[in-house]
Asks: 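Quick one: the structure is below, and I'll ask about it shortly.
Side chains are part of it too, since the values below use all heavy atoms of this structure and drop only hydrogens, waters and symmetry mates.
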Amino acid sequence: MSKAIPEVTLNDGLTVPVIGLGTYKLKGAAGVRSITSAIDHGYRLLDSAYNYENEGTVGEAIRRSSVRREELLIASKLPGRYHTYDLAVEAIQESLYRANLDYYDLYLIHWPNPKQDVYVEAWQALIDAKKWGLVRSIGVSNFLPEHIERLERETGVKPSVNQIELHPFFNQEEQRKWHQENNVQTQSWSPLARVKNVLDNDILTPIAARHNKSVSQVILRWHYQLGSISIPRSTSSERQLENISIFDFSLTDDEMNKIATLSRIDGRQKNQDPAEYEEF
């Protein structure tokens with residue numbers, strides 16, 4: 001099944017599947033079962049974060065899996081309270097200890113926290129962690145173009161990925177265009193938005209019916225055609241399989257344009273504006 005998931009190559013050469021598993025709230029024994037189920041279905045990209053407090057769960061799922069560690073791509077993220085250089089280095093090491101891993105494939109700064117204004121220090125810690133072999137590829141999450149430009153200007157290193165809130169109600173057209181022009185891979189968190197808001201949607205439902213697919217599959221196909229890596233979370237084995245079964249149909253230009261009309265300027269789900277929001 002994993003061979004059916006296309007891959008993209010990041011600006012540093014790392015090859016990553018275009019869809020992965022979000023693990024937010026997947027914890028404990030139930031979380032391990034959900035993650036091993038996803039791996040069995042062919043997921044190879046697993047997205048976690050220090051603040052999800054489930055890196056240990058992800059690590060345990062990896063150990064119980066029949067798939068070799070080298071075939072998996074494991075991601076985690078640095079929390080805002082550890083942005084100063086020394087604390088960031090310790091946090092990356094702690095992330096690895098929690099998961100019982102020798103390295104992460106992808107490690108991101110979770111939020112820029114611009115009021116603190118220490119994200120360049122955090123970025124330098126990620127750069128060094130990559131040099132030391134603790135991380136294969138380094139990126140950011142929820143960064144605005146101005147934040148990424150500053151990282152590159154002050155360190156000479158551009159992030160490979162920017163993971164942003166992206167779904168049909170907030171399609172981030174300008175940010176995506178900037179990513180494309182600057183060779184930074186877009187990754188979508190909360191790709192399905194709130195399910196209750198999409199399942200009965202007047203635009204999405206007819207498109208799904210036309211393709212004999214679910215609304216969720218249409219949305220995830222939309223992400224793929226936008227060129228973004230999506231990381232939907234699901235505890236259901238059936239839904240996990242459904243979410244990666246999106247490569248046997250295509251949305252037309254007209255359908256893509258119709259979905260684009262759903263986006264709103266105030267479409268963020270929790271009003272977490274990276275220019276203001278502080279995550280610790």
Side-chain angles (χ1 to χ4, degrees), residues 19-20 22-25 47 49 51-52 77-80 83 108-117 119 139-151 159 161-182 184-208 214-234 243 246 251-280:
I19 191 166
T23 68
Y24 179 58
K25 291 188 176 179
D47 179 80
N51 271 352
Y52 297 172
K77 308 180 197 77
L78 179 77
H83 273 196
L108 315 178
I109 301 176
H110 207 153
W111 287 84
N113 284 26
K115 292 172 190 170
Q116 279 195 98
D117 194 27
Y119 61 83
V140 294
S141 182
N142 303 298
F143 274 51
L144 298 173
E146 67 206 58
H147 302 139
I148 297 175
E149 286 170 346
R150 184 177 170 199
L151 292 181
V161 162
N162 188 17
Q163 186 184 118
I164 56 174
E165 180 176 359
L166 175 54
H167 46 75
F169 302 121
F170 193 64
N171 71 18
Q172 295 264 38
E173 184 176 2
E174 288 302 311
Q175 178 102 25
R176 286 188 290 105
K177 183 182 177 186
W178 188 92
H179 287 167
Q180 191 169 13
E181 291 172 350
N182 290 274
V184 174
Q185 175 62 48
T186 304
Q187 195 173 35
S188 312
W189 64 258
S190 200
L192 298 173
R194 290 194 177 93
V195 173
K196 67 177 186 293
N197 292 344
V198 298
L199 292 184
D200 302 324
N201 185 272
D202 292 343
I203 287 176
L204 297 170
T205 305
I207 294 174
S214 70
V215 169
S216 295
Q217 286 173 313
V218 165
I219 295 173
L220 293 171
R221 178 71 197 189
W222 172 79
H223 284 277
Y224 173 57
Q225 290 184 211
L226 289 180
S228 185
I229 298 170
S230 59
I231 43 170
R233 176 179 65 92
S234 179
N243 285 347
I246 60 167
L251 299 172
T252 66
D253 289 344
D254 182 58
E255 288 168 336
M256 292 291 287
N257 291 335
K258 282 180 178 172
I259 295 172
T261 66
L262 293 171
S263 192
R264 302 189 305 267
I265 293 173
D266 61 348
R268 294 186 191 276
Q269 294 186 76
K270 297 179 181 175
N271 198 30
Q272 293 170 320
D273 181 353
E276 299 287 335
Y277 181 72
E278 298 278 303
E279 178 254 17
F280 294 97

Asks: Can you list everything that forms a side chain to side chain contact (heavy atoms under 4.5 Å, CB included) with F280? Sequence neighbours excluded, please.
Replies: R81, N113, Q116, E278
Asks: With sequence neighbours left out, what residues match T186 under side chain to side chain donor-acceptor pair (under 3.5 Å)?
Replies: H179
Asks: For R150, enumerate each residue passing the salt bridge (Lys or Arg N to Asp or Glu O under 4.0 Å) test, keeping only those at least two apart in sequence or located in another chain.
Replies: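 R150: salt bridge (Lys or Arg N to Asp or Glu O under 4.0 Å) contacts with D117, E154.
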Asks: Can you list everything that forms a salt bridge (Lys or Arg N to Asp or Glu O under 4.0 Å) with D266? Sequence neighbours excluded, please.
Replies: R264
Asks: If I compare all heavy atoms of I259 with all of I203, which pair ends up nearest, and what's the gap?
Replies: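 So the minimum-distance heavy-atom pair works out to N-CG2, 4.3 Å.
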Asks: Identify the heavy atoms of P232 and G20 that sit nearest to each other, and give their distance.
Replies: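 Heavy atoms of P232 and G20 come nearest at CD-O, 3.2 Å.
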Asks: Report the residues that fulfil side chain to side chain contact (heavy atoms under 4.5 Å, CB included) with P145, sequence neighbours left out, ordered by chain and then residue number.
Replies: Q175, W178
Asks: Identify the heavy atoms of Y119 and I109 that sit nearest to each other, and give their distance.
Replies: O-CD1, 3.7 Å
Asks: Could you give all pairs that pass the ring-ring contact (aromatic ring centres under 6.0 Å, His included) test and reach residues 252-275, with sequence neighbours left out?
Replies: none
Asks: How many angstroms lie between atom OG of S190 and atom CD of Q272, to the nearest 0.5 angstrom?
Replies: 9.5 Å
Asks: Quick one, F143 and P159 - any side-chain contact, counting heavy atoms below 4.5 Å?
Replies: no
Asks: Under the salt bridge (Lys or Arg N to Asp or Glu O under 4.0 Å) rule, collect the residues that match up with E276, sequence neighbours excluded.
Replies: K115
Asks: In Å and rounded to the nearest 0.5 Å, what is the NZ to CD distance from K177 to E174?
Replies: 6.0 Å
Asks: Side-chain contact test, heavy atoms from C-beta onward, threshold under 4.5 Å: evaluate it for L151 versus V140 and give yes or no.
Replies: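 L151 reaches V140 side chain to side chain.
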Asks: Report yes if the side chains of R176 and N171 come closer than 4.5 Å at any heavy-atom pair, otherwise no.
Replies: yes
Asks: If you look at every heavy atom in N142 and W189, which pair is closest and at what distance?
Replies: OD1-NE1, 2.7 Å
Asks: Which residues satisfy the ring-ring contact (aromatic ring centres under 6.0 Å, His included) test with F170, sequence neighbours excluded?
Replies: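 Counting only residues at least two positions away or on another chain, F170 forms no ring-ring contact (aromatic ring centres under 6.0 Å, His included).
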Asks: Search all heavy atoms of S188 against all heavy atoms of L166 and return the closest pair with its distance.
Replies: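 Taking S188 first and L166 second, the nearest heavy atoms are OG-CD2, 3.1 Å.
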Asks: Starting from the C-alpha separation in whole Å, work towards a yes-or-no answer on side-chain contact (heavy atoms from CB on, under 4.5 Å) for N201 and L262.
Replies: CA-CA 10 Å; N201 185 272; L262 293 171; 3.6 Å; yes
Asks: More than 12 foreign heavy atoms under 6.0 Å from CG of D253: is that the case here?
Replies: no
Asks: To the nearest 0.5 angstrom, please state how far the OG atom of S230 sits from the CD atom of Q187.
Replies: 8.5 Å
Asks: Just how far is it from atom CG of D202 to atom CD1 of I207, taken to the nearest 0.5 Å?
Replies: 11.5 Å
Asks: Could you tell me which residues satisfy side chain to side chain donor-acceptor pair (under 3.5 Å) with E279, sequence neighbours excluded, listed by chain and number?
Replies: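 Testing E279 for side chain to side chain donor-acceptor pair (under 3.5 Å), a comparison that skips the adjacent residues, returns N51, H110.
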Asks: Is there side-chain contact between L144 and P112, with heavy atoms separated by less than 4.5 Å?
Replies: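 SC-SC contact between L144 and P112 ruled out.
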Asks: For D254, enumerate each residue passing the salt bridge (Lys or Arg N to Asp or Glu O under 4.0 Å) test, keeping only those at least two apart in sequence or located in another chain.
Replies: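 Scan of D254 (salt bridge (Lys or Arg N to Asp or Glu O under 4.0 Å), adjacent residues dropped) gives K258.
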Asks: Is it true that a side-chain atom of Q172 and a backbone atom of H167 form a donor plus acceptor pair closer than 3.5 Å?
Replies: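 Looks like no, no N/O pair under 3.5 Å.
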Asks: Would you call Q163 and I229 a side-chain contact if the rule is heavy atoms closer than 4.5 Å?
Replies: no
Asks: Between V198 and F169, what is the shortest heavy-atom contact and its length?
Replies: CG1-CE1, 3.5 Å
Asks: Could you grab the distance from atom CD1 of I164 to atom OG of S141, nearest 0.5 Å is fine?
Replies: 9.0 Å
Asks: Using the test side chain to side chain donor-acceptor pair (under 3.5 Å), find all partners of S214 that sit at least two apart in sequence or belong to another chain.
Replies: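 If we apply the side chain to side chain donor-acceptor pair (under 3.5 Å) test to S214, skipping adjacent residues, the hits are Q217, E242.
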Asks: Roughly how far, to the nearest 0.5 Å, is CG of N243 from CD1 of I219?
Replies: 10.0 Å
Asks: Carefully, step by step, assess R233 and D47 under the rule salt bridge (Lys or Arg N to Asp or Glu O under 4.0 Å).
Replies: CA-CA 9 Å; R233 176 179 65 92; D47 179 80; over 6 Å; no
Asks: With T205, which residues qualify under side chain to side chain contact (heavy atoms under 4.5 Å, CB included), at least two apart?
Replies: V215
Asks: Apply side-chain contact (heavy atoms from CB on, under 4.5 Å) to I19 and Y224, showing your working.
Replies: CA-CA 8 Å; I19 191 166; Y224 173 57; over 6 Å; no
Asks: Is atom OH of Y277 surrounded by more than 12 heavy atoms (other residues, nucleotides or ligands) closer than 6.0 Å?
Replies: yes
